[in-house]
Number of protein chains: 2
Amino acid sequence: MSETHVLVLDDDPPPRLDRLAGRATVSHCDAKSLAARLPEADVLLVWDFTSDAVRDAWPEPGPGVRHPAWVHTASAGVDRLLFPALTASEAVVTNARGVFDRPIAEYVAGLVLAMAKDFPRTWELQRRRRWEHRDAQKVSGSLAVVVGSGPIGRRIGVTLRALGVETELVGRRARDGDPDFGRVHAVDEMERLLPDADWVVCAAPLTAETTGMFDAAAFSLMKPTARFINVGRGQHVVESDLAEALRSGRLAGAALDVFASEPLPGDSALWELPGLIVSPHMSGDTAGWRDDLSEQFCDNFDRWVAGRPMINVVDKRLGYVPTGQADA
Amino acid sequence: MSETHVLVLDDDPPPRLDRLAGRATVSHCDAKSLAARLPEADVLLVWDFTSDAVRDAWPEPGPGVRHPAWVHTASAGVDRLLFPALTASEAVVTNARGVFDRPIAEYVAGLVLAMAKDFPRTWELQRRRRWEHRDAQKVSGSLAVVVGSGPIGRRIGVTLRALGVETELVGRRARDGDPDFGRVHAVDEMERLLPDADWVVCAAPLTAETTGMFDAAAFSLMKPTARFINVGRGQHVVESDLAEALRSGRLAGAALDVFASEPLPGDSALWELPGLIVSPHMSGDTAGWRDDLSEQFCDNFDRWVAGRPMINVVDKRLGYVPTGQADA
């Protein structure tokens, strides 16, 4: 087999790609040079997954048009890759499913506990050198609704359950007999689930169906004591509706790790909303995560060159890796 | 049986004592009136467990000296009650063992996750409207040493393990074959355990043996990346040694919920130590805790008047309720 050309879209080169030495030529590009370099690449590694450059650079289909046969994104969400020209092409799309599950589940558990124990207020009081005892909440016995039944949503559910939080999982379609959760609920069951939830967590893939699903109607179904957490994508939430729900006390609190516009602009009203915790899209990123992402790509590269079935192949119609696909 | 006189030391009366109606006369006192009221009481309920009033009011032993036959404290720690005159007396001492286990374990898990995920810095950045992505830490795979093998320490260990944190438990004496932890280590094994720990958690009873156990020598055994959490008593820690360990970077961080002097004075240096989280002795206190404490006292009252074995009887020599004693 002739040497494969791996093109990496990055600002900061991935570690550990020397594993490909002798089998692939690795070259790097940025958003500006991507379009010119794309036709010569066999594999595109989208390392800078926050960029819309692929959408801008991907060629429209046509006779003799060349593009990479395989596109891998170093992210769990593939929303930025599912534009019509790529979806319609023969290119295989894979993602980083698996790398972020535990870190994100830990992050969500941390947010749940921080809100239940009133940590933000404790730190505010510490800054002012004030001793103000309050009664916190027990998380054990509370109820969480986790939207997203992929590996991240599942791991969040398992982790919250380990803390004694009852957890219901919502996926694209309802099913019974799930080994961990018994029933997985469909999105159209949320109307019945939301009024009982103490915690509503969004960890869904961003698709046409899930865009804007957390809007005024959804927030109006929740208890005034409920809290909302988003570790999915900013576009899952109608941010102005969340702002209104928090300002009016319709909702007790929220934590957003993702935003419609990232980095969140310095003048955004979200920074100072009452009861809102803002974090910079870091829930999945723990020390060593770049190594893990590179290893995962290289493992899949081994499968690709050997003609073995690849892992984490995205169903471009659904917008995510279907559950049940063999994992490594 | 004639009506029992229950004297309650409180600032704020306990809820639900109407359960005793018809069986006990309940009267209330404060620190000032306690000494005068003590001789006529059969039972003393120390509701305000932060007070040293019992020590000051308890009569010295002598012929004809009357004191309550039973003293119950609405706290897990009994350190304030184990002064010589009470220890030497026939009075039975019981505590609130069991009520605080889950809340404190949740609180500690929340602190561990908050420190691993760098939440305090995230909130500081939010206040300044700054988007600064950092890599967080995974807690799964890290190692915690929990000092205290009573119900609180055990529940902390079980909860951390559910988050994937390896946990070693330290008690007064070493023993093998513990159903949850295999080996429980003795305090003199800490020298070997501390250098490997990512998290060191103090949830021990305050006794002569454990007072000041977290001092410069203990901190010098820990990794510079380790964090220390105290939900025991302030006197477990030599606060000036902890301050020095944090200032010098000898220790990555700490969280104190308890202090040698409470409320922590406004001019204490601890409020602003680098990497230190200060909270106002609230780790065990969740909505409904006062109800739970009252119910527990009334349950024990039922046992006492019926002559049945009481729960949570403190071994006044050891300073805590021995493990293995039948719980309700």
Side-chain angles (χ1 to χ4, degrees), chain A residues 102-103 105-120 122-141 158-159 161-164 259 262-268 270-272 276-290, chain B residues 102-103 105-120 122-141 158-159 161-164 259 262-268 270-272 276-290:
Chain A
R102 266 187 183 273
E106 291 180 357
Y107 202 89
V108 169
L111 288 171
V112 163
L113 287 165
M115 293 196 267
K117 305 306 179 187
D118 208 19
F119 284 168
T122 294
W123 282 312
E124 170 62 19
L125 289 167
Q126 178 175 353
R127 223 167 47 82
R128 294 158 54 200
R129 295 176 167 253
R130 288 188 54 181
W131 179 278
E132 266 181 34
H133 180 279
R134 291 97 62 209
D135 287 356
Q137 292 169 16
K138 230 189 272 190
V139 302
S140 136
V158 167
T159 305
R161 282 198 173 175
L163 292 170
F259 301 86
E262 294 180 10
L264 185 65
D267 62 358
S268 167
L270 296 175
W271 291 109
E272 290 188 6
L276 180 64
I277 296 171
V278 169
S279 59
H281 200 148
M282 61 183 280
S283 71
D285 307 342
T286 48
W289 66 297
R290 288 176 189 79
Chain B
R102 268 188 181 271
E106 292 180 357
Y107 202 89
V108 169
L111 288 171
V112 163
L113 287 165
M115 292 197 267
K117 305 305 179 187
D118 208 18
F119 284 169
T122 294
W123 281 309
E124 171 61 20
L125 289 167
Q126 177 176 354
R127 224 167 46 82
R128 294 157 53 198
R129 295 177 167 252
R130 288 188 53 182
W131 180 277
E132 266 181 35
H133 179 279
R134 291 98 62 210
D135 287 355
Q137 292 169 16
K138 232 188 271 188
V139 302
S140 136
V158 167
T159 305
R161 282 198 173 174
L163 292 170
F259 301 87
E262 295 180 11
L264 185 65
D267 62 358
S268 167
L270 296 175
W271 290 108
E272 289 188 6
L276 180 65
I277 296 171
V278 169
S279 59
H281 201 149
M282 61 183 280
S283 71
D285 307 341
T286 49
W289 67 295
R290 289 176 190 79

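Both backbone and side-chain heavy atoms feed into the values below; hydrogens, waters and symmetry mates do not. Numbers restart at 1 for each chain; the letters A, B, ... are given by sequence-line order, proteins then strands.
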Trainee: Can you give me the closest heavy-atom contact between B:Thr122 and A:Val278, atom names plus distance?
Mentor: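 That closest heavy-atom pairing would be CG2-O, 3.3 Å.
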
Trainee: Between A:Ala114 and chain B, which part of the residue has a heavy atom less than 4.5 Å away: side chain, backbone, both or neither?
Mentor: side chain

Trainee: Only pairs of heavy atoms separated by less than 4.5 Å count here; which of B:Arg290, B:Arg134, B:Arg102 has the most with chain A?
Mentor: B:Arg134

Trainee: Less than 4.5 Å to any heavy atom of chain A: does that hold for the side chain of B:Ser283, its backbone, both, or neither?
Mentor: neither

Trainee: Classify the ring geometry of A:Trp289 against B:His133: parallel below 30°, tilted from 30° to 60°, perpendicular beyond 60°.
Mentor: tilted

Trainee: Looking at residues at least two apart in the chain, or sitting in another chain, which of them share a salt bridge (Lys or Arg N to Asp or Glu O under 4.0 Å) with B:Asp285?
Mentor: none

Trainee: Quickly, which of B:Arg128, B:Arg129, B:Arg130 forms a side-chain contact (heavy atoms from CB on, under 4.5 Å) with A:Trp271? Name it, please.
Mentor: B:Arg129

Trainee: Out of A:Ala136, A:Ala162, A:Ser140, A:Ser268, which one racks up the most heavy-atom pairs below 4.5 Å with chain B?
Mentor: A:Ala136

Trainee: If you tally heavy-atom pairs under 4.5 Å against chain A, which of B:Glu132, B:Arg127, B:Gln137 wins?
Mentor: B:Arg127

Trainee: Any heavy-atom pair between the side chains of B:Trp123 and A:Glu124 that's under 4.5 Å?
Mentor: no

Trainee: Grab the two heavy atoms, one from A:Thr159 and one from B:Leu163, that are nearest each other, plus how far apart they are.
Mentor: CG2-CD2, 3.6 Å

Trainee: Quick one: which of B:Ala287, B:Pro263, B:Gly110 has the most heavy-atom pairs under 4.5 Å with chain A, could you say?
Mentor: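 The answer is B:Pro263.
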
Trainee: Looking at chain B, which one of A:Glu262, A:Glu272, A:Met282 has the largest number of heavy-atom pairs inside 4.5 Å, strictly under?
Mentor: A:Met282

Trainee: Does any part of the side chain of B:Leu111, heavy atoms only, come nearer than 4.5 Å to the side chain of A:Lys117, both counted from C-beta?
Mentor: no

Trainee: Can you find a pair of side-chain heavy atoms, one from B:Leu113 and one from A:Glu106, that are under 4.5 Å apart?
Mentor: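 SC-SC contact between B:Leu113 and A:Glu106 confirmed.
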
